[in-house]
S.K.: 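Below are the structure tokens for one structure; questions will follow.
This one's a predicted model, so the numbers in the text were calculated from it and none came from an experiment.
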Amino acid sequence: MNQKVRVRFAPSPTGPLHIGGVRTALFNYLFAKQHDGVFVLRIEDTDQNRYVEGAEQYIIDALNWCGIPFDEGPGKEGSVGPYRQSERKSLYRQYADALVEKGKAYYAFDTSERLDFHRKDHEAKGKTFIYNWHNRLKLVNSLSLSAEETQQKIDAGKDYVIRFKSPKDETLLLQDTIRGTIRIDTNILDDKVLFKADGMPTYHLANVVDDHLMNISHVIRGEEWLPSLALHQLLYNAFEWNAPEFAHLPLIMKPVGKGKLSKRDGQKMGFPVFPLSWNESLGYREAGYFSETVVNFLALLGWNPGTEQEIFSLTELISNFSLDRVNKSGARFDPDKTKWYNQHYIKEKANDELADLFRPILLEKDISALSFDNAFVERVVSLIKERATFVSDFWQLSHYFFTTPEHYDEKAVRKQWKPDTGSIMNQLVSILKEISDFSSQNLENRVKQWITDNELSFGKVMAPLRLLLVGALQGPHVFDILELIGKEESIKRIEKGIVELG
RNA sequence: GCUCCAUUAGCAUAGUGGCUAGUGCAUCCGACUUUCUAUCGGAAGACAAGGGUUCGAUUCCCUUAUGGAGUACCA
């Protein structure tokens, strides 16, 4: 009974993959890899009306960018393909027919308009219209009609669907790995459509048939499917197939307010909800997040290791992940925490890698950036990366390494530039001119010595010095800045400041 | 409305039938004899409510409240 683990991620290509979808994919991937199993991507495109061009490629690109590629799927054919339901179209009808033959399903001829009418009518009376045992004989279907009438309608080319005949008076005990046992009374179930008038199966039929045909051992999907679990279990029973194990992941909720995370929340609060950009919607990748960040915060959304560890690489996740540590309740999405993760990962990145990412920004800002060699850019990056959350913060944090400050922060000037500051800076210039070893450490020793010898205060020297070098009271260690921009430029900046500030 | 699921601080969570309920993010304060959105240190802050069961419940059961999902010839 030790079946090979095969899981699937089965999105429908109706648009860009939402971050919640990526989380579902990630958990499937982790589970598969942990058990040396196979991660299948299946495209559920049974609804032709909602098909969106490019969505499938987007899904594939997103999974690849996150570093969680599928093992089998479109373009990576295994033995149970094809992996797009539209390409498996011819396969489903026979299964629907088999259920009709077994008396587990039936033909229904009711028009959508008629059903809509019933629903509205019931709603107006404060009731819910359920197409099932209690009214199916009053509707137009092969159970209420004679065999001849049914055949007549079919021959006449009337539109019909195939509905599942859900049983009466049964209590179902469903198993969910995350939630345990769930009791369902079958009387409240409706006779779901399995096969549509357009010749396509509905999600429910296609899903169960494909999971069976693809030997899926574990179905890990979003909580929005929990209400369908009864139907799916009933279908497996009707086909006399073994059902896979089910695990329903908690939903991802909006950062504030109620409801699940939506595209609008991202726009309103300024954070991405998609892994990659899609038209006007910004993606995590384009917003400057690393894939490590996305994987890490997604993993902790609805799951935790039971320890205090919060930083996980993909490989660590594979060995630590487990379905029984997945939470039952919805996980609120926290954009601040995602930034915290990126801040962590930016510090871990190698300086040369960050320098490569920074170069295009430098080019955009100033052509002369070209003249700075890699070693210099890497050195700058090493000094500022711990204060950055994104590579896009780098310029703001380091522009003074590349260009002479044009203005001085007014508030800082008012606070730090005293009448005697000019003359102190003048003295400092003459001290700096005498120093030939312009290393940070040596500069610090010499300047501090000079300050003590002359009984000056550190504040009176260091703050104005920083102001003249940087243009504001920010940045890393002053002596590191001096060393990096060099003797000539340092002195130039101080002299320029003395002239401008008096 | 009905069905199912959930409920530990602002947020994410750990944990236990019985010591001061642990951690991270955010917040506030301090330190780093100069800056900081960095780092370090510290502070404040929670078991939804009411009933049971029990010597004892945040932990088990019930009710209520709140939140979520589903209720389509969409997935």
S.K.: So, does A:Asn49 get its side chain near the phosphate of B:A75, meaning an N or O under 4.0 Å from OP1 or OP2?
M.R.: no
S.K.: Taking only side-chain nitrogens and oxygens of A:Lys347, does any of them come within less than 4.0 Å of OP1 or OP2 of B:U39?
M.R.: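 A:Lys347 to B:U39 OP1/OP2: side-chain N or O found under 4.0 Å.
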S.K.: Could you identify the nucleotide paired to B:G70, looking across every strand shown and requiring Watson-Crick or G-U wobble geometry with both distances under 3.5 Å?
M.R.: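 Result: B:C2.
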S.K.: Under 3.5 Å, is there a donor-acceptor pair between the A:Thr181 and A:Gln175 side chains?
M.R.: yes
S.K.: For B:A26, give the paired nucleotide (Watson-Crick: N1-N3 plus N6-O4 or O6-N4; G-U: N1-O2 and O6-N3; both under 3.5 Å), or none.
M.R.: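 Check on B:A26: unpaired, no WC or wobble geometry under 3.5 Å.
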S.K.: Classify A:Val478 by what it touches in the nucleic acid, base, sugar-phosphate, or nothing, heavy-atom distance under 4.0 Å.
M.R.: base
S.K.: If you measure from CZ on A:Arg114 to OG on A:Ser112, what distance do you get to the nearest 0.5 Å?
M.R.: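 Answer for the CZ-OG pair, A:Arg114 versus A:Ser112, is 12.5 Å.
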S.K.: Centre of A:Phe333's six-membered ring, under 6.0 Å away, within 45 degrees of the axis: is that where NZ or CZ of A:Lys254 sits?
M.R.: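 Judged by the rule (NZ or CZ under 6.0 Å from the ring centre, within 45° of its axis), A:Lys254 is not positioned above A:Phe333.
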S.K.: Can you say whether a donor on the side chain of A:Arg332 sits under 3.5 Å from an acceptor on the base of B:C11, or the other way round?
M.R.: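 Checked by distance alone, the answer is no.
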S.K.: Would you indicate what A:Asp190 reaches in the nucleic acid, counting non-hydrogen atoms under 4.0 angstrom: base, sugar-phosphate, or nothing?
M.R.: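 If one applies the 4.0 Å heavy-atom cut-off, A:Asp190 turns out to touch nothing in the nucleic acid.
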S.K.: State whether A:Arg50 places a side-chain N or O below 4.0 Å from either non-bridging phosphate oxygen (OP1 or OP2) of B:A75.
M.R.: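 Checking A:Arg50 against B:A75: no side-chain N or O falls below 4.0 Å of OP1 or OP2.
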S.K.: So A:Val161, base contact, sugar-phosphate only, or nothing? Heavy-atom distance under 4.0 Å.
M.R.: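 Base contact.
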S.K.: A:Asp334 has a side chain; which of B:A14, B:C73, B:C25 sits nearest to it?
M.R.: B:C25
S.K.: Side chain of A:Ile184, heavy atoms from C-beta onward: which of B:C4, B:A14, B:G68 has the nearest atom to it?
M.R.: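 So the nucleotide nearest the side chain must be B:C4.
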S.K.: Between the side chains of A:Asp210 and A:Tyr92, does any donor sit under 3.5 Å from an acceptor?
M.R.: yes
S.K.: Return the nearest nucleotide to the side chain of A:Thr128; candidates are B:A75, B:U3, B:G1.
M.R.: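 Of the options given, the side chain of A:Thr128 lies nearest B:G1.
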S.K.: Hey, does A:Lys328 reach any base, or is it just sugar-phosphate, or nothing, if we go heavy atoms under 4.0 Å?
M.R.: sugar-phosphate
S.K.: Remember a base hit wins even if backbone is also touched, and classify A:Lys260 as base, sugar-phosphate or nothing at under 4.0 Å, heavy atoms.
M.R.: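 Sugar-phosphate only.
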S.K.: Which sits closer to the 5' end of RNA chain B, A:Asp47 or A:Ser329, going by the nucleotide each is nearest to?
M.R.: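 Whichever sits nearer the 5' end wins; that is A:Ser329.
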S.K.: When rounded to the nearest Å, what value does the distance between C1' atoms of B:U23 and B:U8 take?
M.R.: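 Going atom to atom, C1' in each nucleotide, I get 13 Å.
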S.K.: Considering every strand and a 4.0 Å limit on heavy-atom distances, what is the contact class for A:Met200: base, sugar-phosphate, or nothing?
M.R.: nothing
S.K.: Return the pairing partner of B:G45 with a 3.5 Å limit on both distances, Watson-Crick or G-U wobble; otherwise return none.
M.R.: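 Check on B:G45: unpaired, no WC or wobble geometry under 3.5 Å.
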S.K.: Just checking A:Arg221: base, sugar-phosphate only, or nothing, at a heavy-atom cut-off of under 4.0 Å?
M.R.: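 If one applies the 4.0 Å heavy-atom cut-off, A:Arg221 turns out to touch nothing in the nucleic acid.
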S.K.: Taking the cut-offs as 6.0 angstrom to the six-membered ring centre and 45 degrees off its axis, would you call A:Arg136 and A:Tyr131 a cation-pi pair?
M.R.: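 Verdict for A:Tyr131: no cation-pi partner in A:Arg136.
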S.K.: To the side chain of A:Leu226, which of B:A6, B:C4, B:A75 is closest?
M.R.: B:C4
S.K.: If you compare every side-chain N and O of A:Lys339 against the phosphate oxygens of B:A38 (OP1, OP2), does one of them come in below 4.0 Å?
M.R.: no
S.K.: Assign A:Asn132 to base, sugar-phosphate, or nothing according to its heavy-atom contacts below 4.0 angstrom with the strands shown.
M.R.: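 It contacts nothing in the nucleic acid.
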S.K.: When we call it a touch if two heavy atoms are under 4.0 Å apart, what does A:Glu44 touch: a base, just sugar-phosphate, or nothing?
M.R.: sugar-phosphate
S.K.: Side-chain N or O of A:Asn304 less than 4.0 angstrom from OP1 or OP2 on B:A14?
M.R.: yes
S.K.: Consider the side chain of A:Ser112, meaning its heavy atoms from C-beta on, and name the nucleotide among B:C25, B:G15, B:C73 that approaches it most closely.
M.R.: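 The closest nucleotide is B:C73.
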S.K.: Checking contacts here: which listed nucleotide (B:A12, B:G70, B:U35) is nearest the side-chain heavy atoms of A:Ala331?
M.R.: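 Nearest listed nucleotide: B:A12.
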S.K.: Both distances below 3.5 Å, Watson-Crick or wobble geometry, any strand: find the nucleotide opposite B:C60.
M.R.: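 Result: B:G52.
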S.K.: Decide yes or no, distance alone: a donor-acceptor N/O pair under 3.5 angstrom between the base of B:U34 and the side-chain of A:Arg466.
M.R.: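 A donor-acceptor contact between them is present.
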S.K.: In Watson-Crick or G-U wobble terms, both distances under 3.5 Å, what is the partner of B:U34?
M.R.: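 Pairing partner, where one exists within any strand: none, as none qualifies.
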S.K.: Can you confirm whether the side chains of A:Tyr160 and A:Asp110 place a donor and an acceptor under 3.5 Å from each other?
M.R.: no
S.K.: Using a cut-off of 4.0 Å on non-hydrogen atoms, how would the nucleic acid contact of A:Lys460 be classed: base, sugar-phosphate, or nothing?
M.R.: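 No contact at all - A:Lys460 keeps every heavy atom at 4.0 Å or more from the nucleic acid.
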S.K.: Can you identify which nucleotide, out of B:C5, B:A75, B:U71, has its nearest atom closest to the A:Lys192 side chain?
M.R.: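 Within the option list, the nearest is B:U71.
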S.K.: Report which part of the nucleic acid A:His344 touches: base, sugar-phosphate, or nothing (heavy-atom distance under 4.0 Å, all strands).
M.R.: nothing
S.K.: Between atom CZ in A:Phe297 and atom C1' in B:A26, what is the gap in whole Å?
M.R.: 17 Å
S.K.: Establish, yes or no, whether the cationic atom of A:Arg119 lies under 6.0 Å from the six-membered ring centre of A:Phe117 and within 45° of the ring axis.
M.R.: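 Relative to the ring axis of A:Phe117, which defines the angle, A:Arg119 lies outside at least one limit.
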S.K.: Could you check whether A:Thr389 gets within reach of a base, just the sugar-phosphate, or nothing at all, counting any heavy atom under 4.0 Å?
M.R.: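 Result for A:Thr389 = nothing.
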S.K.: Is there a Watson-Crick or G-U wobble partner for B:A65 with both distances under 3.5 Å, and if so, which one is it?
M.R.: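 Checking every strand shown, B:A65 finds its partner in B:U7, with both distances under 3.5 Å.
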S.K.: Remember a base hit wins even if backbone is also touched, and classify A:Arg179 as base, sugar-phosphate or nothing at under 4.0 Å, heavy atoms.
M.R.: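 Sugar-phosphate, backbone atoms only, no base.
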S.K.: For residues A:Lys263 and A:Val273, report the shortest heavy-atom separation together with the two atoms involved.
M.R.: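 It is CA-CG2, 3.8 Å.
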S.K.: Specify the residue among A:Ala197 and A:Ile188 whose closest nucleotide of RNA chain B lies further upstream toward the 5′ end.
M.R.: A:Ile188
